[in-house]
Amino acid sequence: MTIFAIIGLVAFQIVLAWFVRDQSWWIIFGAAYLLGAFADHALFVMIHECTHKLLFKNSNANRWASMFSNLPQILPSAISFEKYHIKHHSFQGVHELDADLPNKWEAKLISNSFFGKALWLLFFPIFQIFRLSRLKEIHPVDGWIITNFVLQAAFTTAIWYFMGWPAVAFLLLSFSFSVGLHPLGARWIQEHYLTHSVEQETYSYYGPLNTVAFNVGFHNEHHDFPSIPWNKLPQIRKTAPEYYDTLYYHTSWTKLFLQFLFDREISLFNRILRKERGRIALTDVSKPDAEMSIKVVEPAVV
């Protein structure tokens with residue numbers, strides 16, 4: 001049923017782009033920051049769900065849903081995200097295979113200053129593109145990637161033709177804010193950056209914005225059980241509080257956003273790295289948990 005949420009969010013962005021097409025730039029910026037960013041962030045979470053094949057049983061159906069979710073974001077990233085994100089789960093912390101890790105030059109350039117970290121968030125998608133060149137073992141182009149690019153080009157051309165450049169600008173700004181210089185951008189810090197005094201590699205976010213972000217904040221739960229869909233993630237924590245409530249976690253993306261910008265103790269170097277990749281094959285696709293677990297039968301009630 002999640003596909004209907006995706007359709008609604010895509011329609012919301014297109015309608016909003018139509019309404020702001022002839023408005024002043026401050027209205028376009030405001031609409032992108034206060035409305036469009038939340039819709040695009042939710043769509044990015046849906047791309048993530050499709051990457052883990054959690055919408056449909058058919059892999060290709062998930063890819064088409066992922067590319068449909070990607071349309072209002074202008075930049076073609078749905079299929080590329082699938083390629084690199086699955087490796088993040090299999091090889092977390094391995095610099096040559098985990099695209100979630102910043103480049104070494106990237107971390108040195110940004111350093112720990114407010115200005116550097118603000119620029120990093122503002123241009124976050126661009127920095128991610130530069131990371132791909134170091135992941136030499138992952139093939140960056142295939143037929144699905146090309147399809148993703150063609151669909152995005154056709155959609156963007158249609159928006160420009162029927163609504164004009166202001167509508168395209170609104171969509172671009174919405175995407176930029178959804179992953180960057182916005183409290184929603186703190187999600188990238190929340191997930192794996194060491195923001196506490198302990199070396200805990202992964203953090204969850206338990207706050208109100210999970211309501212409009214399809215529970216993406218339940219990140220420890222997701223890494224433990226990557227085949228559990230978004231609507232079931234809170235049940236994992238509820239079922240095993242002794243495992244999750246004893247970990248450090250965040251309750252405010254806004255607070256973390258400001259902490260990241262102003263705290264000079266936090267930089268892009270605040271990550272845990274691994275040199276050992278283990279015995280996992282590069283072709284690993286993060287098999288569903290159901291394939292790797294023993295079926296548990298509920299005991300009969302006496």
Atom pair CG/CG of Leu268 and Leu109 - distance to nearest 0.5 Å: 9.0 Å
Side chain to side chain contact (heavy atoms under 4.5 Å, CB included) assessment of His222 paired with His89: CA-CA 10 Å; His222 168 64; His89 276 266; 3.0 Å; yes
ILVMFWY network linking Leu71 to Leu16, side-chain heavy atoms under 4.5 angstrom: yes
Residue list, side-chain contact (heavy atoms from CB on, under 4.5 Å) with Leu34, at least two apart or on another chain: none
Smallest separation among heavy atoms of Ala42 and Leu9, with atom names: CB-CD1, 3.7 Å
Got a list of side-chain donor-acceptor pairs under 3.5 Å for residues 56-68, not counting sequence neighbours?
| from | atom 1 | to | atom 2 | distance (Å) |
| --- | --- | --- | --- | --- |
| Asn58 | OD1 | Asn60 | N | 2.9 |
| Asn58 | OD1 | Ala61 | N | 2.9 |
| Asn60 | OD1 | Arg63 | NH1 | 3.3 |
| Asn62 | OD1 | Leu55 | N | 3.1 |
| Asn62 | OD1 | Phe56 | N | 3.2 |
| Asn62 | ND2 | Phe56 | O | 2.6 |
| Asn62 | ND2 | Asn58 | O | 2.9 |
| Arg63 | NE | Glu82 | OE1 | 3.2 |
| Arg63 | NE | Glu82 | OE2 | 3.2 |
| Arg63 | NH2 | Glu82 | OE2 | 2.9 |

Pairs touching residues 204-221 that satisfy side-chain hydrogen bond (donor to acceptor under 3.5 Å, both in side chains), sequence neighbours left out: His192-His219, Ser204-Glu221, Tyr206-Glu221, His219-His223
Co-membership, hydrophobic cluster, residues Ile74 and Ile47, 4.5 Å side-chain: no
Phe257, Phe114, Phe115 screened by ring-ring contact (aromatic ring centres under 6.0 Å, His included) with Phe262, the one that passes: Phe114
Those residues that, when tested against Thr156, pass side chain to side chain donor-acceptor pair (under 3.5 Å) (two or more places apart): none
Side-chain heavy-atom pair Glu49, Ile6 within 4.5 angstrom cut-off: no
Step-by-step salt bridge (charged side-chain N to carboxylate O under 4.0 Å, His left out) determination, Lys87 to Glu137: CA-CA 11 Å; Lys87 302 308 175 192; Glu137 296 181 46; over 6 Å; no
Distance-only donor-acceptor pairs under 3.5 Å for side chains of residues 17-25, two or more places apart:
| from | atom 1 | to | atom 2 | distance (Å) |
| --- | --- | --- | --- | --- |
| Arg21 | NH1 | Trp18 | O | 2.6 |
| Ser24 | OG | Trp26 | NE1 | 2.8 |

Closest non-hydrogen atom pair, Phe218 against Pro234: CE2-CA, 3.6 Å
Residue pair Tyr203, His196: steps toward the side chain to side chain contact (heavy atoms under 4.5 Å, CB included) verdict: CA-CA 10 Å; Tyr203 298 83; His196 290 78; 3.4 Å; yes
Leu256 CG to Ile266 CD1 distance, which is reported to the nearest 0.5 Å: 7.0 Å
Cation-pi geometry met for Arg237 and Tyr249 (6.0 Å, 45°): yes
Parallel, tilted or perpendicular: ring planes of His85 versus His52, cut at 30 and 60 degrees: perpendicular
Nearest-0.5 Å distance, NZ of residue Lys232 to OG1 of residue Thr239: 10.5 Å
Asn270 side chain to Ser267 backbone, donor-acceptor under 3.5 Å: yes
Near-ring test Phe214/His48, centroid separation under 6.0 angstrom: no
Audit row: Asp98, Arg274, side chain to side chain contact (heavy atoms under 4.5 Å, CB included) steps and yes/no: CA-CA 10 Å; Asp98 186 356; Arg274 291 185 176 87; over 6 Å; no
Intermediate values then yes/no, side chain to side chain contact (heavy atoms under 4.5 Å, CB included), Gln92 and Asp100: CA-CA 8 Å; Gln92 184 176 329; Asp100 192 61; over 6 Å; no
Nearest heavy atoms of Pro72 and Leu171, plus distance in Å: O-CB, 3.4 Å
Cluster companions of Phe269 among Ile, Leu, Val, Met, Phe, Trp, Tyr (side-chain spacing under 4.5 Å): none
pair Ile189-Gln259: side-chain heavy atoms closer than 4.5 Å: no
Partner set under side chain to side chain donor-acceptor pair (under 3.5 Å) for Asp263, not counting sequence neighbours: none
Separation between CD of Glu242 and CG of Leu247, rounded to the nearest 0.5 Å: 11.0 Å
Hphob cluster co-occupancy, Val141 + Leu135, side-chain heavy atoms under 4.5 angstrom: no
All side chain to side chain donor-acceptor pair (under 3.5 Å) counterparts of Tyr193, not counting sequence neighbours: none
Heavy-atom closest pair, residues Arg131 and Pro102: NE-CA, 3.6 Å
Path from Val10 to Trp160 over hydrophobic side-chain contacts below 4.5 Å: yes
By side-chain contact (heavy atoms from CB on, under 4.5 Å) - contacts of Ile145 (at least two apart): Ile79, Ser80, Lys83, Asp142, Phe149
Spatial distance of atom CG (Leu151) from atom CZ (Phe155) [nearest 0.5 Å]: 11.0 Å
Pair Asp224-Tyr244, side-chain donor/acceptor within less than 3.5 Å: yes
The single option from Val216, Val179, Leu209 passing side-chain contact (heavy atoms from CB on, under 4.5 Å) against His41: Val216
Nearest non-hydrogen partners of Asn148 and Ala78, listed with the distance: OD1-N, 3.1 Å
Straight-line distance of Thr254 OG1 to Leu184 CG, nearest 0.5 Å: 8.5 Å
Residues that Asn103 engages under side chain to side chain donor-acceptor pair (under 3.5 Å), provided they are two or more places apart: Arg134
Transitive ILVMFWY side-chain link Ile110 to Ile126, under 4.5 Å: yes
Closest contact, heavy atoms only, Met46 versus Ser69: CB-OG, 3.9 Å
N/O donor-acceptor pair under 3.5 Å between Lys136 side chain and Ser133 backbone: yes
Pairs involving residues 168-188, ordered by first then second residue, that meet ring-ring contact (aromatic ring centres under 6.0 Å, His included) (sequence neighbours left out): Tyr33-Phe177, Tyr33-His182, Phe38-His182, Phe44-Trp188, Phe124-Trp188
Fellow cluster residues of Leu54, listed by chain then number, with links counted only when side-chain atoms sit under 4.5 Å apart: none
